[in-house]
Amino acid sequence: MSGKDMISVFPSRMALTLMRGRLRGAQKGHSLLKKKSDALTIKFRGILKKIIETKTMMGDVMREAAFTMAEAKFAMGDFNNLVLQNTDKAQLKVKTKRDNVAGVNLPVFEAFHDGSDAYEYTGLARGGQQIDRIKKNFAKAVTLLIDLASLQSSFVILDEVIKVTNRRVNAIEHVIIPRIERTLSYIISELDEREREEFFRMKKLQGKKALARAAAERNRNTSEEQYGPAASLLDRERDEDLLFD
Amino acid sequence: MNSLNFNIDFGYLEGLVRGFKSGIVKQADYLNLMQCETLDDLKLHLQSTDYGNFLSNEPSPLQVSIIDDKIREKLVIEFEHMRTQSVVPLSTFLDYITYGYMIDNIVLLITGTLHQHTISELIPKCHPLGSFEQMEALSIASTLLELYNAVLVDTPLAPYFIDCISEQDIDELNIEIIRNTLYRAYLEDFYKFCQTLGSTTADYMSEVLAFEADRRAITITINSFGTELTKDDRATLFPRCGKLFPEGHSALVRADDYEHVRAVAEFYSEYRILFEESGNNPTEKTLEDKFFEHEVMLMKKAFLEQFHFGIFYAYVKLKEQENRNIVWIAECVAQRHQTRIDGYIPIF
């Protein structure tokens, strides 16, 4: 255990209550953060699984799309240059949304079509069906890429946040709470010692008092022997000093 | 032009073409090519064919696009040689063959110019067989109309533009519609020209061009389902020649889906067979493949007769098909997608 540090505080009952309050607060904070970390970890694992799935599917889809490209070239000749020349603005665009998971803002990318198909008539006289297929395949590949992009960015952000949260959890668990507990035990031990001192003082005082009483008693007893019992005004026997009764 | 006088003007070239034809890659070579694991293997096997060492100067790693370009270059060299050696009317015939590629090039250049791409980047992308002198001059125009008035009116394709497109349409039409309209005018013109050549050439080329026209009509119909192409527009894209003209065309114009088209084709024996053996499942041959097969069969027939120009047309088409086949096999090898590697069209 490193360092016997604790919070320096004057040990009093007030301090004890305050420290107890702080301990409760720290424990509650610890359990809340742990819950957050667990939720984030579950989501993290889910995203990881989806990323692996998407990546393997991506490999297949890209291969398929490249092959469809070869088929289309076979049926139609070289249409690559014509398509390249005809490009104007993007037909498939990406929107970003923010998704909130256990307090973490994750970006989500969504694809949407903008405008009609500019290449409707490509391959009208030759190879139109292959062009159709190639359009579908590459569109699938692009949407898959977009999904993969959102998954990977969430993955990176979540990783960071989980590290931070776990650091906090560990800090509370291994630093803050022991410190408070040590302070508490110090306060309690101080209070106990004070009480013992007090007790001891009391006992000593009582001892002294008893001695003093015993001495006073002895003195009283000796004076009684000398002067006889003291007259009491409350005796109802005849009082000599009264003339008429 | 008959068997007696043909060899005076065209004998050398016919002999040359027949020589080239026997160099076309055979089935055995295709089987060898299909066994290749890498593109370098492919290059090795191609060395034993007529292609020889055409790839020897290319730096490795080889790419499919380089193979494609080199094969095309070989065809262009052979064709240009024949073109320069020929006299009228063979030279006009060979010119007609190049007009098809010219149409593709013009469409590419127009699209590029309209999108403000410089001509110097577009010229290397054109098909070399379809080049014409005014290609460089296309950069001066910025709208289609200017383009036509300044440049295209001097090319051999000018009459095709006049035939089909009026001034207002030219700016609004989709470039593909323009391409198909031009091609239709070209086919009709070619058909008429062949008729003037008489005897064997006319017979052979009529059959071939009729098939080409019908194939385009059927393909345009099938591909226009689901697009915004109206039925009237569709009718203007059908070439006015071929077996399907005119009754087949009116039936095709009314067609609404694949089954209707098949029903129209039932009336014509060759096309019925093509439709029967094709289908849309992955295991069956597509209609396009069947059309290619039929075309190859027609082209091979050209070499069975002598003293006609059809052999030149057939040679160009067969070399193109061979180009497509080799590039297809190369792509399958490069992408390691061996399942469909036998999807090429066998020639000899």
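Each chain gets a letter, A, B and so on, in the order the sequences are listed, and its residues count up from 1.
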Distance col, row A:I131:CD1 vs B:N223:CG, nearest 0.5 angstrom, shows 9.0 Å
Crowding at CZ, A:F199 (>12 non-hydrogen neighbours, <6.0 Å): no
CG on A:N81 to OG1 on B:T111, rounded to 0.5 Å: 10.5 Å
Contact class of B:I222 relative to chain A, heavy atoms under 4.5 angstrom: side chain
How about NZ on A:K43, more than 12 heavy atoms from neighbouring residues, nucleotides or ligands closer than 6.0 Å, or not? no
Contact origin within B:T221 toward chain A - heavy atom pairs under 4.5 Å: neither
Please check if atom NZ in A:K34 has more than 12 non-hydrogen atoms from other residues, nucleotides or ligands closer than 6.0 Å. no
Heavy-atom distance under 4.5 Å to chain A: side chain of B:L229, backbone, both or neither? both
A:R168 atom CZ, neighbour heavy-atom count above 12 within 6.0 Å: no
Output the option from B:R179, B:E320, B:E288, B:R216 having the highest count of non-hydrogen pairs under 4.5 Å with chain A. B:E288
Heavy-atom contact with chain B under 4.5 Å, split by part of A:Q130: side chain
Can you tell which part of B:F292 gets under 4.5 Å to a heavy atom of chain A, answering side chain, backbone, both or neither? side chain
Name the member of B:L287, B:L122, B:V64 that forms the most heavy-atom pairs with chain A at distances under 4.5 Å. B:L122
Enter the distance from A:E71:CD to B:T286:OG1 here, rounded to the nearest 0.5 Å. 8.5 Å
Against chain A, label B:Q335 side chain, backbone, both or neither, depending on which of its atoms sit under 4.5 Å from a heavy atom there. both
Look at B:R215, B:H337, B:K125 and state which one has the largest set of heavy-atom pairs under 4.5 Å with chain A. B:H337
Check for a donor-acceptor pair, side chain of A:R63 on one end and backbone N or O of B:R336 on the other, with a separation under 3.5 Å. yes
With chain A as the partner, which of B:E331, B:Q321, B:H127 has the greatest number of non-hydrogen pairs under 4.5 Å? B:E331
Take a 6.0 Å sphere around CZ of A:R22 and say whether it holds more than 12 heavy atoms from other residues, nucleotides or ligands. no
Hey, is CZ on A:R98 packed in by over 12 heavy atoms from elsewhere, all under 6.0 Å? yes
Bottom line for B:E121: the part with an atom under 4.5 Å from chain A's heavy atoms is neither
For B:K74, I'd like to know if atom NZ has over 12 heavy atoms of other residues, nucleotides or ligands within 6.0 Å. yes
Do B:I175 and A:L82 touch side chain to side chain, with heavy atoms closer than 4.5 Å? no
Please determine whether the number of non-hydrogen atoms from other residues, nucleotides or ligands lying under 6.0 Å from atom CZ of A:R194 exceeds 12. yes
Spacing of B:D289 atom CG and A:F74 atom CZ [to the nearest 0.5 Å]: 6.0 Å
